[in-house]
Amino acid sequence: MSKLKYFDISWFSSVDGPGTRVVLYLLGCHLRCPWCHSPHSWEISSPLLFFENRCQKCGSCVDICPNGVHKISNGAHLVDRSHCIRCGACIEICPSSDINKWNTSALGFVCKELEVGELYQILKPQLDLLKDIGGLTISGGDPLLQSEALAELLKICSMNGIHTTVETSATLNKKHIEDLLPFVDHWLIGLRPTKTDKVEDWKQLLTNIELLAAHNPNQITIRTPIIPGYTNTQIAYDMIIEVMHTNGIKSIEILPYNPYSENYYKAMGLKFPLEGTQLLSEEELIQIKSVFTSAGIHTEIVA
Amino acid sequence: MNELIKEETIIGSTYRVNELIKSMEKRAWADRSSEWFTKDMFKKIGVEHPDKSVIVRRALAIEEILKAMTNKNLFKGKNPHYQIRNGELIVGVIALGSLGLGKSFPDYLTPSELDVTSVSTKSEMGLFGHDSVNYDVMLARGLEGIIADCKKELKSTEHKINHYNILSDYCDRIENEGAFNKKITNLKSNGKTTDIIESLKGVFEDHDESKGNRTKAYDSNLKGLFEILETHIHTNFSNISKKRSSKQEPSSFPYLKQIREILKSKKNILHNRQDFYQSVKISCQAVIDYAGRFSELAKAMSLDEKDPIRKAELNEISRICSKVPAKPASTFYEALQSIYFFHLALHSSMSQLSLGRLDQVLQPYYKKEDHEKQQELFECFLIKCAERLILDSTTFVKQDHLDFGSNLLTIPVPLDQWSESNEFLQNIIIGGQTRDGKNAVNDCTYLILKAFQKTKLYTPTLNARIYKEQLEDGKYLNAVAECLFETKNGMPVIGNDEVLIPALHKFSGIPLDEARDYVIDGCWEPLLNGSCDWTFRMFNMLTALECALNGGATLSSNEILLRGQKMTYETALPAVDKSIDFEGLKGILKKHIKFFTDNSALSIHMLYLIDQAVNPDPLYSALLKGCMKTGRDKTWGGADYKLAGIIPAAVPDTVNTLSAIKKWVYDKKEFELADVLDAFRMSYKGANKVQQELFDKIKLKFQTDSPKFGNNDKESVEMMQWVLNTFWDCVKESHALAEEVFLYPPKKGDEARIKSLRALAGYAGKSLKEEFGENFKINITAGMGTFELFDIFGGGNAASADRIKAGEPIARNFAPMVGTTSFSIGHLLASFKKLGLNRFAGGAITDLCLEERDLEKNGPNIIKSVIQNFMYNDGNMMTITISDKKLLGLIYSLCEKNRGGDEAAKKELKKYEHVSVRVGGFQMPFVTLPPAMQKSYIDRPMSPIN
């Protein structure tokens, strides 16, 4: 059986597909959207995360690291990831870290890798509970990057009567979508045209949407993050509406900019690209919503 | 006034209900300390009637308090108990009192009895209600029917006593004249019983002076008398004749002594019967009279009433109160009022009992065409049960009326009085199966669910039984889920019939029809419906583990205790003796668990005998199945079934700690056990840098990288299986030991050993079967939980794998320790499937807390899925509360201000009185909880399971 790489599971989500769902977040994304709230999902192998607020500044990691990645000077713990060989020694030695629980540790790798069958066993108890009122959503990263192994997982789900949803940018080769198509009940497609989009990406996206819509347009929900300065333009809205109308897609979810993603950029030693970006007001959101509803599209704001 | 209400803001189905709730809440926020009875308001029953038996005095005390409750002259002429409030349809007022605050009740023990309670630790204040009443019989027959039975029994008992008196006289005469001796000794030593009886009869005939001029009645008396004699001789003859055949030839005939003894004990039993029926009669009559005085009050008020509608209502109240509970009820209204009067009398007289299967009890009186009226009436009834609420916790200390005598254990369990201040031990249970296994859901089931949904009261506690067929029945499950979603306060509690019925039937020896009829105690333990007397014992499983790790002592950091507080036997120290492997440690732990189950099972049997001398309960026994038939009070072996639970707390903590020790000390050998124990003792605070570093490592591995119950991982599930199996085996072994020592008469040749075992326990009397008859037996059930005592229990424990400081609360009930589950509700519930929870008829209750925002969309359906999954995984019992951490934080800060005397904060607090949380045993208004407990609700990380 193939293996899947993932970085998180959410057990009780009511905003990621129909009903109440388990969400599995797969690793790896070919895009680098500046508003991304999980930059730690980008690399298919784990980046070393460092959460300063959990660090005791004991210096154990400084002593153990073979490549001098860690340095403590003037009470500050600096991490130079360029020399990191991902050996995990610093995580093992750190008194505030647990190799299995990066989200409560000071140092951690986010990557978890499991065989599809094992992974299903982990998900199963909660999927059993949510069977009648939701199901499993695969998010990421972009799940299409692991489409072959993912198809195996989704196949097990469909065999067990679990409703499946995949959230993707749909900007990869349609082969990946064809891998999954027989086992997916619902698609959440990220559609957010920006000025900097590559033409070939956009073309690929349209091809893929056509493919899915030909299958069943009612199984598609468009998701659009509203990011000030990037996606909140009338042109973008018009393009989305056109794509939806052309393909007979009837519903959209608009996702206001999430200001709480800075944390992860910091933990990876990256600069948060959207620093200082203001939250959208309630009025602005309602106004954007009306753009879509007046085009006859079922619209929901998902906060 | 009776129109159905559309507006959202109104509580209850009608304006009347809304107004009544508002008025109740207003009173609940006031200082109610002046509403309590003081002892000088009562006659001193114990002093006035020292010659009467304790059960009769108890009945007189019940009569006394019910009189005082309707005495216009008390409370400076404003007796708060004798009034009908505007709009009320159900009347009567329960005297204040609760599990935590105690009661004020007339003294009925004599001064010397009272002195002796200092050693028995059971007093008149024994608040041990904890049973559930079945009101079927009372509604069908009326209390007058029960009184009529008493009269009949009293007459026939008197008759029998006369028989025995005559027989005693004969014995005297025979002895004096020696003729009997002569005649009997002529019989051969191996003579047949019939010969002896015949000769006895002859002797009586010879010596009866009235011979020749006896009346027919006298003849039949004599005949009955001989029959009794015959039975006794048949049963006792073999022993007697064997004694005789032994070499020693009696100088005087021994039969006479035997007969006298038999007569004496028979007469004692009959006197006890007399006292029993007498006291049932007195206490039932007292309730009837109390109702009569409310009938008068309603009549008098109706005369002054201007509003014609209210006038008619008062007239109807007057009519009903003059009818019930004396006579059978014929309408829904009469049935409710009748139940309320009896409930009120019980709860005002120390017996805090539950209300049982009210949907089954009320259904025969329900009429579809009067649905709305009946809905309103039931809501009025609930308010009457709830109106003892005291919401301002700053007034609790003034109202503390508890004394030492509410203790029920030999190893004391401290009470958390504060959090129990508003616990009245009144449960209602609905749904499930009938005695013959059919679907019990009816119109009244829905009516009751709706009443709770509308009124959002937190007492009484509602429980819903569910079985397989009802999982398909969408209507019932939907109504249950909706009620949980709307009230947010955990109503109803879910009981899984598929698990609890086999637990009672297959594993605790209860007949199937009784098991199918189960109800719930004041907290959550399953009981039989109005046919059992219940008691329970608790112990702390984590303490048993500490004892196993530390040679029978707790892991205390108090130096003057040397190794620690000694609790159980001294056993080998696994930290010192390296030959003890993990299996060896488990063996030691079993010994210590057994110490506590022994203590529980033995004390359950031994202390059963104390209750009759201090806490007989004639009022409850009037309705408790078996008592009226046998003429025995519930404390005297009267109930059909005697049920007793053994319920350990901290089972999840024990599993977590044991798993961590296994993994890091025995499997991976990363730490020395001695260091781990020091870390526990010292709350992971090292004495120096080196030790601190070590403790930090232990803490990290133990707290975050060890198997924890609730995650459905193989290790924690297997450890839980082992702990439960071991506990279960210990209960069985302890039960057998307790029966050997206390239940059965000693086997031939074993008398001396059993006698000395009893003496060792401080008991010198007869076995329970000799005392209460061949059928007497105590069925023991096992369960797991903490009730509201998770805080106070944890106070005695060192740190553990799931608690970083000594004294921190232990896990609540049978739920994972907060913050130790990284998976989902589905994982917790799936782990139940492998635990065999269908053995635990004492209840293994899991408290789930859902975050309000997770339920915004699809709330009732999510709850329904949780219930279905819980049933599918063979869960035992479950509560689901819905809360909002931010809101609780806000209320906590207001409470802190109120505790500091801020009037504005108190006013603001009133807005939040409906917010309640599950406190282990019951739902409580959050505003009434002790500060430390409030804080624990805010501090716990909110995730789907907590």
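Each chain gets a letter, A, B and so on, in the order its sequence line appears, and its residues count up from 1. Everything quoted here is computed from the prediction, not taken from an experiment.
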Under 6.0 Å from the [atom1] atom of [X], do we count more than 12 heavy atoms belonging to anything else shown?
X         : atom1 : result
Lys833(B) : NZ    : yes
Lys805(B) : NZ    : no
Lys266(A) : NZ    : no
Glu672(B) : CD    : no
Lys857(B) : NZ    : yes
Lys112(A) : NZ    : yes
His37(A)  : NE2   : no
Tyr684(B) : OH    : yes

Point-to-point distance, once rounded to the nearest 0.5 Å, from [atom1] of [X] to [atom2] of [Y]:
X         : Y         : atom1 : atom2 : value
Glu693(B) : Cys58(A)  : CD    : SG    : 7.5 Å
Ser96(A)  : Lys699(B) : OG    : NZ    : 9.0 Å
Lys864(B) : Ile133(A) : NZ    : CD1   : 10.0 Å
Gln868(B) : Asp132(A) : CD    : CG    : 6.0 Å

Let's test your reading of the structure: which of Asn873(B), Asn712(B), Leu829(B), Asn869(B) forms the most heavy-atom pairs below 4.5 Å with chain A?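 Of the candidates given, the most pairs with chain A belong to Asn869(B).
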
Chain A interface, residue from Asn858(B), Asp705(B), Asn861(B) that has the most non-hydrogen pairs under 4.5 Å: Asp705(B)

Does Ser824(B) offer a backbone N or O that forms a donor-acceptor pair with the side chain of Gln126(A) under 3.5 Å? no

Do any N or O atoms from the side chain of Lys101(A) and from the backbone of Thr704(B) form a donor-acceptor pair under 3.5 angstrom?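 Flag set: sc Lys101(A) to bb Thr704(B) pair under 3.5 Å.
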
What part of [X] gets within 4.5 angstrom of chain B, counting heavy atoms only: side chain, backbone, both, or neither?
X         : value
Leu130(A) : neither
Ser13(A)  : neither
Ser97(A)  : backbone

Heavy-atom side-chain proximity of Phe823(B) to Ile122(A) below 4.5 angstrom: yes

Taking the side chain as C-beta and beyond, is there a heavy-atom pair between His827(B) and Trp11(A) under 4.5 Å? yes

Heavy-atom pairs under 4.5 Å with chain B: which of Gly19(A), Pro95(A), Ser105(A) has the most? Pro95(A)

If you take all heavy atoms of Ala830(B) and Pro125(A), which pair is closest and at what distance? CB-CB, 3.7 Å

